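Bear in mind that the values here come from a model prediction, so they are computed numbers and not experimental data.
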Amino acid sequence: MHFRYHLLIPLLLASVCSLAQSASSSNEELRAVVIVARHGVRTPIESETRSGVFNAQPWPDWPTPPGMLTPHGIDALKRMGEFYKQRYGALAGCKSVRVESTNTPRTIASAKVVMSTVVPGCDVQVRADLSADPPSIDKAKLADAIKGRMAAEPEWFTHAFARPLAEMHDVLTHCADCKGVPDFRAMMLQPGGEAQGMMQAKGSETGALVPRDVSKENAVALGADFAENFLLEYTEGKPMNQVGWGRVDRARLDDLMEMNTRYHDFILRTPYYAQQAAGPLAKKISKILSDAASHPQRTASGTAAGVPASFTYLSAHDANLTWLGGLLRMDWIVSDETINATPPGSALVFELHCAAGSSPTDGPDSCTVRTIFVAQTLDQIRHLTSLTGIEKPSIAPVYVPGCSGPGPEYACSLGGFARVVDAAQR
C-alpha cells in the first residue's frame, strides 16, 4: 500500500468516529432528516441466477418468492429502525413522518418494517411515488454515453476483471462430482431460439445458448449479479456451506463484490444516466429540506396541519443510491466494504441543522445540510446485531462537491445545497 493511503485511512476513520459521537453541535438544532434507503435482504431474482444454466450445482432454496423480502431481512431492517428511532426519535411522530417508496413490493414492505419500529403504533401510509427507473430516457443517447466512458471498447471490462471473472467461474463450476456447464464468460443465454442449444431450468423461461456478444451483454454484468447472489446468501445468514456452495468465504465474497460494486458504479454514474435517473429525487430532497427550514422547529407531536414532515423516509433500491451519488458527485465508505458499496438497508441520510433559536426569516444560510451514509456491516446483517447499544452501524460523512465545508462533517449551507442540486439538473 502506498504511504499516502496510510495517511488517508486514519483521517477517514477519525471523521467516522467524530460523526458517530454527535448528530448536532451544541449551538444547532436538528430540524429535519431525509433518509433515502435501499430495501432489505431479499430473495435473488432471475438476473442473479440465470435459470441455473451457468452453475453446476443448484442454487439454495429461499423462504420467499424471487425479489421479496425474507423474514431475516425484515428482522435486520428492524435493527435499523431501532437505530433511527434512537438517533432521530425527537423528530418522528405519527403526524410528522413522510414515507414514500418505489412501486415495488420489497421497497414498500421495507418502508413499513422500518417505520413500524421508528413510530410504533402509528398508521403510517406509504406512498408509492418514487421512480425505480428513469421516467423517460433516450436509450440511444444513454448507450453512447456509457460506451464513451470506456472509449467504445466494451471488451475493456472483460479484460479489467479477468481475474475475478475466472474466480467466479471457479465458484460456479468447481466441485468433485460436477458435470460440465457452459462458461458464462464465453456464452450468453438468449431468450427464445430454436431447439438446438435450448436449455430450461426449473420451469424458468427457455433460451438459446449463443456465443457472448459484449455489445449486447458483458460477462462482467453476470459476474456482478452472481456476486450479489452470494452477498444475499451471506447476509441472509445461510450456513457457510450454502454460501457459494461452500466455496465463498468472507474474503472471497469481498473480492467478488468489488467487481459488483465497481461495475454498477461505473455504469450508473455515467453523467447522463445519473442526471435522468436521480434528478427528480434530488429535487424532492432539496424541497423537503427547504420546506422544513421555512417553519419554526416543533416537536414530533406538535405538528400543525400543513407543516412539513420532520422525518422523511424514502424507500428505494441500490441503483437509486448510486444514481444520486453520481448526480451530486458524492462518494461514501462503509467500514467493512469497498467504496460506494450499497448493502441491504443502507441509506444516504440528509440532516437539516439550524442555528439554535433561528426563525424562518433568518434565511436559508442559517441552516446547514449534513449528508452521511449509514449501513449495517455485512456481519451485523447476518447476525442481526442490535445497533442501539455500544455497537452502531457504519456511519460516514459524505462530502458534497460544490457546497461542503471543512470536515469532519462537511456541512453545506442549505442554500448551497439547493444550488448544487439545481446545477446538477442542467
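Side-chain N or O atoms of S310 include one that pairs as donor or acceptor with a backbone N or O of L91 at under 3.5 Å. Judged by distance alone, with hydrogens and angles left aside, the side-chain atoms of H317 form no donor-acceptor pair with the main-chain N or O of T107 at under 3.5 Å. Distance alone, capped at 3.5 Å, is enough to place a donor-acceptor pair between the T43 side chain and the T64 backbone. Counting only distance, with no hydrogens or angles, the side chain of R79 and the backbone of I381 share no donor-acceptor pair below 3.5 Å. A donor-acceptor pair is defined here as one N or O able to donate and one able to accept, closer than 3.5 Å; no such pair exists between the side chain of R38 and the backbone of L321. Side chain of R87 to main chain of Y84: no donor-acceptor pair is present (N/O by atom type, distance under 3.5 Å, no hydrogens or angles). Between the side chain of N229 and the backbone N or O of E48, at least one donor-acceptor pair lies under 3.5 Å. Using a distance-only test at 3.5 Å, with no hydrogens or angles considered, no donor-acceptor pair links the side chain of T102 to the main chain of A132. Put simply, the side chain of E228 never gets that close to the backbone of A224: no donor and acceptor are under 3.5 Å apart.
In summary, R382 and D379 do not engage in a salt bridge, as defined by a charged side-chain N under 4.0 Å from a carboxylate O.
For the pair E233 and V248, the minimum side-chain heavy-atom distance is 4.5 Å or more. For the pair L222 and R212, the minimum side-chain heavy-atom distance is below 4.5 Å. Between I146 and Y272 the shortest side-chain heavy-atom distance does not fall below 4.5 Å. Between L387 and Q86, every side-chain heavy-atom pair lies at or beyond the 4.5 Å cut-off. Inter-residue side-chain proximity for Y313 and V126 is flagged as unmet; no heavy-atom pair is nearer than 4.5 Å. You'll find the side chain of L77 reaches within 4.5 Å of the side chain of L69, heavy atoms only. Proximity of E337 to E258: side-chain heavy atoms (C-beta onward) are nowhere separated by under 4.5 Å. Residues M150 and F266 are in side-chain contact: their nearest non-hydrogen atoms beyond the backbone lie under 4.5 Å apart.
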### Task
Evaluate side chain to side chain contact (heavy atoms under 4.5 Å, CB included) for T388 paired with K85, printing each intermediate quantity in order.
CA-CA 9 Å; T388 57; K85 181 176 178 61; over 6 Å; no
### Task
Apply side chain to side chain contact (heavy atoms under 4.5 Å, CB included) to N218 and T158, showing your working.
CA-CA 7 Å; N218 198 295; T158 307; 3.4 Å; yes
### Message
Pair R98, D291 - check salt bridge (Lys or Arg N to Asp or Glu O under 4.0 Å), show working.
### Response
CA-CA 13 Å; R98 171 177 178 171; D291 288 348; 5.7 Å; no
### Message
Before you tell me yes or no, could you show the steps for L324 and L328 under side chain to side chain contact (heavy atoms under 4.5 Å, CB included), namely the whole-Å CA-CA distance, both residues' side-chain angles and the distance that decides it to 0.1 Å?
### Response
CA-CA 6 Å; L324 190 56; L328 300 182; 4.3 Å; yes
### Task
List the steps and the verdict of side chain to side chain contact (heavy atoms under 4.5 Å, CB included) for R269 and R149.
CA-CA 10 Å; R269 285 176 179 256; R149 295 195 75 195; 4.2 Å; yes
### Task
Evaluate the criterion side-chain hydrogen bond (donor to acceptor under 3.5 Å, both in side chains) for residue pair S110 and S315; output intermediate values, then yes/no.
CA-CA 7 Å; S110 294; S315 184; 4.8 Å; no
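When all heavy atoms of C403 and V420 are compared, the pair lying nearest together is CB-CG2, 3.8 Å. Among all heavy-atom pairs drawn from T49 and P44, the shortest one is CG2-CB, 4.2 Å. The shortest non-hydrogen separation linking W323 to A277 is CD2-CB, 3.2 Å. Residues L165 and A219 share a closest heavy-atom pair of CD2-O, 3.8 Å. Residues R31 and A293 come closest through the heavy atom pair NH1-O, 4.4 Å. When all heavy atoms of R247 and C175 are compared, the pair lying nearest together is NH1-CB, 3.6 Å.
Rounding to the nearest 0.5 Å places CZ of R370 at 14.5 Å from CZ of F417. To the nearest 0.5 angstrom, L281 atom CG is 4.0 Å from I285 atom CD1. Of the inter-residue distances, the one linking W245 atom CH2 with L172 atom CG reads 5.0 Å to the nearest 0.5 angstrom. The structure places CZ of F373 at 6.5 Å from OG1 of T342, a figure rounded to the nearest 0.5 Å. In this structure, NZ in K78 is found 10.5 Å from CG in L384, a value given to the nearest 0.5 Å. Rounding to the nearest 0.5 Å gives a distance of 11.5 Å between CD1 of I288 and CG of L352.
Donor-acceptor pairing under 3.5 Å is lacking for the side chains of T322 and H264. One side chain, D123 or Q125, offers a donor N or O that lies under 3.5 Å from an acceptor on the other. Residues E236 and T70 have side chains that bring a donor and an acceptor to within less than 3.5 angstrom of each other.
Annotation: K284, atom NZ; neighbour count of heavy atoms from other residues, nucleotides and ligands within 6.0 Å is above 12. With a 6.0 Å radius and a threshold of 12 heavy atoms from other residues, nucleotides or ligands, K112 has its NZ atom at or below the threshold. Counting non-hydrogen atoms of neighbouring residues, nucleotides and ligands closer than 6.0 angstrom, the NE2 atom of H174 reaches no more than 12 such neighbours.
Partner V398 forms a side chain to side chain contact (heavy atoms under 4.5 Å, CB included) with one of F350, W332, Y410 and no other, that one being W332.
Taking the six-membered ring for Trp and the full ring otherwise, Y263 and F161 have centroids separated by 6.0 Å or more.
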